[in-house]
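The basis for the numbers below is simple: all heavy atoms, side chains too, and nothing from hydrogens, waters or symmetry mates.
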Amino acid sequence: MRSWTSGLSALNRRRWVNFRANGRGFWSFVIITFLFVGSLFAEFVANDRPLLVSFKGEIYAPVLKDYPETAFGGVFETPADYTDPYLRDLIAAEGWMLEPLIPFSYSTIDFNLGQPAPAPPSARHWFGTDNQGRDVLARMIYGFRLSMLFAIALTVISTVVGVAAGAVQGYFGGWIDLSFQRFIEIWSGLPQLFILIIVSSIVLPGFWTLLIVLLLFSWTALVPVVRAEFLRARNLDYVRAAKALGMNDAGVMAKHILPNAVVATVTFLPFIISGAVVALTSLDFLGLGMPPGSPSLGELLRQGKENLQAPWLGLTGFFIIAGMLTLLIFVGEAVRDALDPRKTFS
C-alpha cells in the first residue's frame, strides 16, 4: 500500500519526516487536533438536550431540532425543557431518552445542587460548578472551542493581510517601503488596551467585534518576515528572468517569490495562534471580551480570582489554558525545525 507521502515532492517529504521525527511536536499536534475536532461536536458531548428521544414509537433528535412540549404530552407550545422533572416523567412513561455524556450545556444552571454555588467537584459535576451553578467542564469544552475558532480566524485573516502588506513593501521598495514602515511604526505604538476600552464603551463586545479590533493590530506581526524575504528575492536571477519574459509584477510576486515567503510564514502560525488565545483570554479576564454568559476561559479565570474558596475554578482555567499554549508552542517548534534546511533527524 502506497504511503500518502508518495505524492509529495522530495523536499516536502523531508520536511514531513523531520516533523514526524520530533515526537514532542508531532504528538502535540495530534492531541491539539483531536481536542479541537472533538470540541466542534460539543453539543453531542455536553448538552442539556437529549441526543435522541423515543416517545410513543416516534424518534426525535432534540440536539438537532426544537420540539414543543406538546410533542411529548405536555400542555405548552413552548420549546421543551428536558431538565423539567414533569417532562422527563412523561417521556419515561412512554419511551426513553439518550442523553449526552455531560447532561449540561455551558449555560445550563443546575437548580438542584443542594448547596450554595460554586459547588465542588462531584459525580454530578466532575469539575464542580461556577458561581451561577453552571457546569465547569461543559463551559471548559465550549470555551476551548470558542478560543480555538477565534484564534484560527484571527490568525488566518491577519496572515493574509500581513503577507500582502509585506509583499508590497519588499517587492517595490523605495518610497512605498519607507512610507509603509513609518506607518507600521506609528500604528504599532497605539495603545491597544485603551482602544478596546473605548470600543467596548461604544458597542457591545462580541466575537466579530473583538476579531476586527484585534485584527487592526495583529496583521503587523508577519510584515517584517515577508518584507525581508521579498527584499532578498526581488533581485535574484530567476525573478529578473521572469520579468524579462514579460511576466507582470503580480505574477512574479505570486508565482516566484511568495512560495518562499510562505515557508517562513508557516513557521510563525502556531505562535500567532497561541498569542490570539492569550489575547482573548486576557480581554475576557478583564471583562472587555465576550458578552456575559459566553463560554469563556478568561471568565473562568476571573471567577477563580473572585472565589478563592473554590480553587477548582482557578485550577481548571489555569490547566486548560496552560495545556493549550504548551501544545501550540511544541507544534510551533516542530514546524520551525521541519522547515529549517539545517535540521535533520535520523
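- Looking at heavy atoms from C-beta onward, D89 lies out of side-chain contact with Y86 at the 4.5 angstrom threshold.
- Within a 6.0 Å sphere centred on CH2 of W96, other residues, nucleotides and ligands contribute more than 12 heavy atoms.
- Side-chain N or O atoms of W126 include none that pairs as donor or acceptor with a backbone N or O of I102 at under 3.5 Å.
- In this structure a side-chain-to-backbone donor-acceptor pair under 3.5 Å is present from T220 to F217.
- The cluster map of Ile, Leu, Val, Met, Phe, Trp and Tyr, joined by side-chain heavy atoms under 4.5 Å apart, puts W187 and V213 in the same cluster.
- Legend: salt bridge (charged side-chain N to carboxylate O under 4.0 Å, His left out) pairs involving residues 123-143, not counting sequence neighbours, sorted by first then second residue: D110-R124, D130-R134, D130-R139, R134-E299, R139-E299.
- Proximity of F183 to Q181: side-chain heavy atoms (C-beta onward) are nowhere separated by under 4.5 Å.
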F104 and D48: side-chain contact (heavy atoms from CB on, under 4.5 Å), yes or no, with the steps?
CA-CA 4 Å; F104 302 98; D48 55 6; 5.7 Å; no

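- Here the closest heavy-atom approach between residue S54 and residue I59 is recorded as CB-CD1, 3.7 Å.
- Side-chain N or O atoms of S179 include none that pairs as donor or acceptor with a backbone N or O of I176 at under 3.5 Å.
- Inter-residue side-chain proximity for F44 and L101 is flagged as unmet; no heavy-atom pair is nearer than 4.5 Å.
- A 4.5 Å side-chain heavy-atom check between L178 and R182 finds at least one atom pair inside the cut-off.
- Listed for the D81 side chain is a donor-acceptor partner under 3.5 Å among the backbone atoms of T83.
- Within 6.0 Å of CG on D237 lie no more than 12 heavy atoms contributed by other residues, nucleotides or ligands.
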Applying side-chain contact (heavy atoms from CB on, under 4.5 Å) to R232 and F230, what does each step give before you reach the verdict?
CA-CA 5 Å; R232 181 190 67 83; F230 272 75; over 6 Å; no

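- For F76, the CZ atom sits in a loose shell: 12 or fewer heavy atoms of surrounding residues, nucleotides or ligands are nearer than 6.0 Å.
- Cluster annotation: I273 and V156 are assigned to the same hydrophobic cluster (Ile/Leu/Val/Met/Phe/Trp/Tyr, side-chain heavy-atom contacts under 4.5 Å, transitive).
- Judged by distance alone, with hydrogens and angles left aside, the side-chain atoms of S296 form a donor-acceptor pair with the main-chain N or O of G298 at under 3.5 Å.
- By the 6.0 Å and 45° rule, R234 does not stack over the aromatic ring of Y171.
- With rounding to the nearest 0.5 angstrom, the CG atom of L297 is 5.0 Å from the CD1 atom of I321.
- Taking the six-membered ring for Trp and the full ring otherwise, F150 and F207 have centroids separated by under 6.0 Å.
- Side-chain atoms of S105 do not come within 3.5 Å of backbone N or O of T108 as any donor-acceptor pair.
- In this structure, the side chain of Q303 engages the main chain of N131 through a donor-acceptor pair within 3.5 Å.
- I31 and M324 fall within a single hydrophobic cluster, where Ile, Leu, Val, Met, Phe, Trp and Tyr side chains are chained together by heavy-atom contacts under 4.5 Å.
- Between the side chain of S158 and the backbone N or O of T155 there is at least one donor-acceptor pair closer than 3.5 Å.
- A pairwise comparison of heavy atoms in I257 and E229 identifies CG2-O, 4.4 Å as the closest pair.
- Other residues, nucleotides and ligands contribute over 12 non-hydrogen atoms within 6.0 Å of the OH atom of Y238.
- Rounded to the nearest 0.5 Å, atoms CG (L90) and NZ (K56) are 9.0 Å apart.
- Using a 4.5 Å heavy-atom cutoff, the side chains of M97 and R88 are in contact.
- Of all the heavy atoms in L301 and G317, the pair that sits closest is CD2-C, 3.6 Å.
- With respect to R302 and D284, no salt bridge is recorded, no charged nitrogen being found less than 4.0 Å from a carboxylate O.
- The hydrophobic cluster containing I184 does not contain I186, counting ILVMFWY residues as joined when their side-chain heavy atoms lie under 4.5 angstrom apart, directly or transitively.
- Residues A334 and N22 share a closest heavy-atom pair of CA-ND2, 3.7 Å.
- Under the 4.5 Å side-chain criterion, counting only non-hydrogen atoms from C-beta, I152 is in contact with F36.
- Taking CG from L51 and CG from L64, the interatomic distance works out to 8.5 Å, rounded to the nearest 0.5 Å.
- Side-chain atoms of R49 never come within 3.5 Å of backbone atoms of Y82 as a donor-acceptor pair (strictly under, hydrogens ignored).
- With rounding to the nearest 0.5 Å, the separation of OG1 in T281 from CG in L286 is 11.0 Å.
- Relative orientation of the Y106 and Y142 rings is tilted, given thresholds of 30° and 60° on the angle between their planes.
- Taking all atoms of both residues into account, the shortest heavy-atom contact from W312 to P118 is CZ2-O, 3.5 Å.
- Taking hydrophobic clusters as Ile, Leu, Val, Met, Phe, Trp and Tyr residues chained together by side-chain heavy-atom distances below 4.5 Å, L149 shares a cluster with L210.
- Taking the six-membered ring wherever Trp is involved, the centroid distance between the rings of F26 and F330 does not fall below 6.0 Å.
- Looking at F72 and L87, their side chains come closer than 4.5 Å, going by heavy atoms from C-beta outward.
- Taking each heavy atom of A117 and T129 in turn, the nearest pair found is CB-OG1, 4.3 Å.
- Distance check, rounded to the nearest 0.5 Å: CG of L280 to CE of M148 gives 12.0 Å.
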Does the pair M140 and T316 meet the rule for a side-chain contact (heavy atoms from CB on, under 4.5 Å), with working shown?
CA-CA 8 Å; M140 184 182 72; T316 300; 3.6 Å; yes

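- The local environment of CZ in F55 is crowded, with over 12 non-hydrogen atoms from other residues, nucleotides or ligands closer than 6.0 Å.
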Would you check, one step at a time, whether the test side-chain contact (heavy atoms from CB on, under 4.5 Å) holds for V53 with I91?
CA-CA 8 Å; V53 172; I91 295 175; 3.9 Å; yes

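- Side-chain contact between P270 and V331 is present, with at least one heavy-atom pair separated by less than 4.5 Å.
- Considering only residues two or more places apart in sequence or on other chains, F268 meets the ring pair (Phe, Tyr, Trp, His ring centres under 6.0 Å) condition with none of them.
- Within the 3.5 Å criterion, the main-chain N or O of F271 finds a donor-acceptor partner in the side chain of S274.
- Remark: I272 CD1 to L328 CG distance equals 12.0 Å, nearest 0.5 Å.
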